[in-house]
Asker: 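Handing you a structure now.
Note that ligands are numbered from 1 as they come in the structure, with each ligand's atoms numbered from 1 the same way.
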Amino acid sequence: MSETIIFFHDYKKIEIKPGITILKAAIRANVHLAHKCGGRGACLTCKVKVDDPTAVSPPTNSERQKLGSALLQQGMRLGCQAKIIKSLKVEIPEDPLKAVIRKQLAKQKEDQENF
Ligand code: FES
């Protein structure tokens with residue numbers, strides 16, 4: 001049985017079999033999802049937001065410790081820990097440093113247009 005996973009930021013869809021992690025699905029889809037600790041649940045770089053918490057496995061102890069209940073309730077999960085059960089949409093949060101740079105560039109462009 002195949003399921004569909006959709007990555008918002010890259011607008012990519014991939015058909016996968018249930019039971020693999022979001023990180024492995026991202027790698028198969030050629031979607032960049034950082035994973036500095038190699039998928040051991042230690043670095044938080046694979047943090048994603050899922051639209052349906054019931055579409056993935058229950059949080060692991062590592063996720064409970066690293067993310068805490070507030071982020072888990074918001075749908076945040078560790079891509080290397082959460083296994084896909086059924087179709088879902090996954091949002092990969094923008095890197096905070098890239099977000100700052102993007103905002104500064106947008107402001108510069110706006111200032112140049114208004115000059
Ligand atoms: S890859 Fe490090 S926490 Fe998931």
Asker: Rounded to the nearest 0.5 Å, how far does CZ of R28 lie from CD1 of I20?
Answerer: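 Reported value, rounded in 0.5 Å steps: 4.0 Å.
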
Asker: Is it true that, when you exclude R40 itself, more than 12 heavy atoms of the residues, nucleotides or ligands shown sit nearer than 6.0 Å to its CZ?
Answerer: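 At most 12 heavy atoms, drawn from other residues, nucleotides or ligands, come within 6.0 Å of this atom.
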
Asker: Rounded to the nearest 0.5 Å, how far does CD1 of I27 lie from NE2 of H32?
Answerer: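 H32 NE2 to I27 CD1: 10.5 Å, rounded to 0.5 Å.
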
Asker: Give the numbers and elements of all ligand 1 atoms closer than 4.0 Å to a heavy atom of G41.
Answerer: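 So the atoms of ligand 1 that pass are 3 (S).
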
Asker: So that I can check it, does any N, O or S atom in C43 come closer than 2.8 Å to atom 2 (Fe) of ligand 1?
Answerer: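 True for C43.
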
Asker: With rounding to the nearest 0.5 angstrom, report the OG to CD distance, S57 to E63.
Answerer: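 One finds 6.5 Å between OG of S57 and CD of E63.
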
Asker: Out of all atoms in ligand 1, which are within 4.0 Å of some heavy atom of H35? Include the element for each.
Answerer: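 Ligand 1 atoms under the 4.0 Å threshold to H35: 1 (S).
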
Asker: Step by step, work out the side-chain contact (heavy atoms from CB on, under 4.5 Å) result for L78 and L44.
Answerer: CA-CA 7 Å; L78 295 180; L44 296 178; 3.6 Å; yes

Asker: Counting only heavy atoms closer than 4.0 Å, does ligand 1 sit against the backbone of S62, its side chain, both, or neither?
Answerer: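 It is neither; nothing of S62 touches ligand 1.
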
Asker: Just to be sure I read this right, does ligand 1 sit under 4.0 Å from the backbone of L44, its side chain, both, or neither, counting only heavy atoms?
Answerer: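 The backbone, only.
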
Asker: Going by heavy atoms, is A42 under 4.0 Å from ligand 1?
Answerer: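 A heavy atom of A42 does come that close to ligand 1.
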
Asker: N/O/S of C46 less than 2.8 Å from atom 4 (Fe) of ligand 1?
Answerer: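 Checking C46: at least one N, O or S atom is under 2.8 Å.
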
